[in-house]
Amino acid sequence: MTILVTGGAGYIGSHTVAELQRQGYDVVVFDNLEHGHREAVRGCPFILGDLLNPDDIGRAFDEHDIGGVIHFAAYVEVDESMRNPTKYFRNNVQGTVNLAAAMAEHGVKQIVFSSSCSVYGQPEVVPITEEESQKPESVYGVSKLMAEQVLRWFDVCHGLRHVALRYFNASGAAADGSLGDEYKPATRIIPVLMEYLLGQRPRFFINGDGYATPDGTCIRDYIHVDDLATAHVAALRYLAAGSPSAAFNLGTGQGYSNLEIVNTVRQITELDFEVEVGPRRPGDPPMVWADNRKARRELGWEPHYGLREIIEHAWRWHSSHPDGYGQGGP
Ligand SMILES: NC(=O)c1ccc[n+]([C@@H]2O[C@H](COP(=O)([O-])OP(=O)(O)OC[C@H]3O[C@@H](n4cnc5c(N)ncnc54)[C@H](O)[C@@H]3O)[C@@H](O)[C@H]2O)c1
């Protein structure tokens, strides 16, 4: 079966394309390369196109015999979404509408969608289950929830079944250092720390302390990007078996504080470095981690990597590709 991967030149998309290929799927990647990298897409057809242009996405279905879709293409920065909501609603919601419309028109009935734990906002209970109330606290989070709702109604109206995978904090890189996170400027703690260690930024800040956590810094659930990749293949199998539309949390089920991240980076890199405490970010919940039992049970998936491997692989990638794709490494 041929799978169309929107956003397949981006961070999580490129790792998932490699996993699909490992598991014998044919893949077609569709990306406008605004944040993606052509060099990250290997061994499959690549379509340079924009989801906001219905002709571009229609052409992908006209030219290839697509059996299912994995939809990563979106903007991903919470802070930017609050400064520019139009940009996020347009790309993340309208882009999903255009994709779903093209699928309905071409009779393609299965889609795996990149959603996010940000659809929950401040959780009432941790670990977070899929039944947690959905009160996103950012335009980005709302845009992901709206896209889930678009897909729900395309199921009701057109029989287009979906799996929404609500990722926690995607992190790490391919174990062999061949693929990794090249989102610029880095905004997530691990790539930001890596850039600091490589001398690419002068200082490193933790976003606030004094939270109600054991060491006072925020706790998050870091999930290895290759564990996310295997979950997408499991979700395709779930849909191919005729199972109904559903949402699944994808995390390890274990949280780590910002200081634990810093200390693990110190151990693995054997580098010592200064850490400063900056201001808190508005709306940052103190503790977020996933209850992943539904994904384990219904997708037959489980994460294989922990925090040490996430940081080992991220360091291998960043230190061998200080300027990203096209430089150094395999
Ligand atoms: N990184 C995380 O921790 C995280 C967490 C939760 C959810 N997600 C979701 O996962 C998905 C992938 O995130 P990522 O971290 O790999 O980001 P990324 O920016 O690396 O990848 C997104 C890709 O989509 C492409 N794209 C964006 N808009 C497009 C459009 N209109 N037409 C064609 N291509 C377009 C970009 O060029 C890029 O290659 C996103 O939907 C994001 O919301 C990410």
Side-chain angles (χ1 to χ4, degrees), residues 4-18 28-41 46-57 59-60 69-78 80-81 87-99 102 111-120 128 136 138-148 151 164-173 179-192 220-229 231-232 247-251 288 290 310 314 324-325:
L4 179 72
V5 181
T6 75
Y11 171 44
I12 307 169
S14 57
H15 288 76
T16 302
V17 167
V28 175
V29 168
F30 179 94
D31 199 298
N32 64 7
L33 296 184
E34 185 177 347
H35 285 289
H37 302 277
R38 182 67 186 85
E39 301 86 341
V41 179
F46 175 81
I47 300 172
L48 181 64
D50 197 315
L51 272 186
L52 293 182
N53 182 350
D55 289 344
D56 284 359
I57 187 65
R59 215 176 47 242
V69 174
I70 306 183
H71 177 32
F72 293 100
Y75 293 135
V76 302
E77 285 183 52
V78 171
E80 186 189 46
S81 77
K87 176 174 172 175
Y88 276 69
F89 287 129
R90 191 174 282 147
N91 202 38
N92 295 5
V93 184
Q94 186 62 49
T96 303
V97 172
N98 291 350
L99 174 62
I111 181 168
V112 179
F113 171 60
S114 297
S115 190
S116 162
C117 66
S118 63
V119 300
Y120 300 116
I128 299 175
S138 66
V139 169
Y140 169 72
V142 174
S143 76
K144 288 278 136 182
L145 188 54
M146 289 169 78
E148 283 196 20
L151 294 178
L165 295 176
R166 297 179 182 148
Y167 318 153
F168 284 61
N169 291 56
S171 41
L179 291 170
D181 182 354
E182 207 204 322
Y183 193 90
K184 297 287 180 199
T187 54
R188 301 180 269 258
I189 181 170
I190 295 171
V192 165
R220 294 289 177 271
D221 186 335
Y222 296 88
I223 171 97
H224 195 290
V225 63
D226 275 338
D227 282 329
L228 290 180
H232 288 77
F248 298 96
N249 287 341
L250 292 184
V288 172
I310 285 174
Y325 285 103

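Counting starts at 1 for both ligands and their atoms, following the listed order. In this chain, numbering begins with 1 at the start of the sequence shown.
- Remark: Arg38 CZ is packed, more than 12 non-hydrogen atoms of other residues, nucleotides or ligands lying under 6.0 Å away.
- Between Tyr120 and Phe168, the ring planes lie tilted relative to each other; the angle falls in the 30° to 60° range.
- Between Tyr88 and Tyr140, the two ring planes are perpendicular [angle over 60°; tilted spans 30° to 60°].
- The minimum heavy-atom distance linking Ile189 with Tyr222 is given by the pair CG2-OH, 3.5 Å.
- Between the side chains of His71 and Thr96, at least one donor N or O lies within less than 3.5 Å of an accepting N or O.
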So what's ligand 1 close to, N/O to N/O, under 3.5 Å?
| from | atom 1 | to | atom 2 | distance (Å) |
| --- | --- | --- | --- | --- |
| ligand 1 | 1 (N) | Arg188 | NH1 | 3.0 |
| ligand 1 | 3 (O) | Ala170 | N | 3.1 |
| ligand 1 | 16 (O) | Tyr11 | N | 3.3 |
| ligand 1 | 16 (O) | Ile12 | N | 2.8 |
| ligand 1 | 20 (O) | Tyr11 | N | 2.9 |
| ligand 1 | 28 (N) | Asn91 | ND2 | 2.9 |
| ligand 1 | 31 (N) | Asp50 | OD1 | 2.9 |
| ligand 1 | 31 (N) | Asn91 | OD1 | 2.7 |
| ligand 1 | 32 (N) | Leu51 | N | 3.0 |
| ligand 1 | 34 (N) | Asn32 | N | 3.1 |
| ligand 1 | 34 (N) | Asn32 | OD1 | 3.4 |
| ligand 1 | 37 (O) | Asp31 | OD1 | 2.7 |
| ligand 1 | 37 (O) | Asn32 | OD1 | 3.2 |
| ligand 1 | 37 (O) | Glu34 | N | 3.3 |
| ligand 1 | 37 (O) | His35 | N | 3.0 |
| ligand 1 | 37 (O) | Gly36 | N | 3.1 |
| ligand 1 | 39 (O) | Gly10 | N | 3.2 |
| ligand 1 | 39 (O) | Asp31 | OD1 | 3.2 |
| ligand 1 | 39 (O) | Asp31 | OD2 | 2.6 |
| ligand 1 | 39 (O) | Gly36 | N | 3.1 |
| ligand 1 | 41 (O) | Phe72 | O | 2.7 |
| ligand 1 | 41 (O) | Lys144 | NZ | 2.8 |
| ligand 1 | 43 (O) | Tyr140 | OH | 2.6 |
| ligand 1 | 43 (O) | Lys144 | NZ | 3.0 |

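- Counting all heavy atoms, side chain and backbone alike, Ser115 lies closest to Glu148 at OG-OE2, 2.6 Å.
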